[in-house]
Amino acid sequence: DANFLYNLRVANCTGDGITINIVADSIFNNYESSFNSTDGWDIDSTKKVQFFNCSAYGNTNGFSYLGDTGSIDTFTACISEGNNTDGYAINGAGGRWIANRAYGNDGNGFHIAAGSGSVFIGNQSTNNDTDGFQIDNGVTFDIFIGNVSTGNTTADWDNDAQDGGNTFIG
């Protein structure tokens, strides 16, 4: 059975705002994590977890995600704004990222450091202090379509994985 968790705000914590570890078949809807001393969201080893309309403001990283192969976690319409490093720090496989926004972060909007088999559709990265999308060498995707990156300070697209067999459709 799935767990449905709605409408929670976590702020000003010492450490991470929300830590989710080894959770399966759950839905988080309309959660906010703001102004915590480390990550707004620290998500690790989850399976089939869905995040809808969740947000992160003023943390170290907004969302820090370590997915496993076959995770199939889904992030839809989430916002990461004004964090001290990356809006989304993604270090794993299997995530589905649909219509999320990153803006005004001091690092990258989306930093995809590792993983394969992820899906990125219709995400937006705007006015971040480093790259809109930083995609490290060795990262591969199942789908990367309709993502938009504009007005980022260093580069809108920093794709170190461009020769890794990915298909990028603006």
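Looking at residues two or more places apart in sequence or on another chain, you find a side-chain contact (heavy atoms from CB on, under 4.5 Å) between Ala11 and Arg9, Ser34. Annotation: salt bridge (charged side-chain N to carboxylate O under 4.0 Å, His left out) contacts of Glu81 (sequence neighbours excluded): none. A search for side-chain contact (heavy atoms from CB on, under 4.5 Å) contacts involving Asn84 returns Asp106, not counting sequence neighbours.
Residues Asn105 and Ser80 have side chains in contact (heavy-atom distance under 4.5 Å, counting atoms from C-beta outward). For the pair Ile145/Phe120, no side-chain contact is recorded, criterion being any heavy-atom separation below 4.5 Å from C-beta on. Phe63 is listed as a side-chain neighbour of Cys78, based on a closest heavy-atom distance under 4.5 Å. Inter-residue side-chain proximity for Val23 and Lys47 is flagged as unmet; no heavy-atom pair is nearer than 4.5 Å. Annotation: side chain of Tyr65 is in contact with side chain of Phe75 (closest heavy-atom distance under 4.5 Å). Inter-residue side-chain proximity for Thr60 and Asn83 is flagged as unmet; no heavy-atom pair is nearer than 4.5 Å.
The two atoms that bring Ile121 and Ile143 nearest to each other are CG1-CG2, 4.1 Å, heavy atoms only. The minimum heavy-atom distance linking Ile98 with Thr74 is given by the pair CD1-CG2, 4.3 Å. Nearest approach of Ser118 to Gly92, heavy atoms of both residues: OG-O, 4.0 Å.
Between Phe51 and Trp41, the ring-plane angle classifies as perpendicular under the 30° and 60° cut-offs. Aromatic ring orientation, Phe144 versus Phe133: perpendicular (interplanar angle above 60°, classes split at 30° and 60°).
Here the OH atom belonging to Tyr88 is positioned 11.5 Å from the CD1 atom belonging to Ile112, to the nearest 0.5 angstrom.
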Practice problem: Verify ring pair (Phe, Tyr, Trp, His ring centres under 6.0 Å) between Trp97 and Phe141, making sure each step is shown before the conclusion. | Solution: CA-CA 11 Å; Trp97 305 83; Phe141 301 97; over 10 Å; no
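Between the side chains of Asn30 and Asn7, at least one donor-acceptor pair of N or O atoms lies under 3.5 Å.
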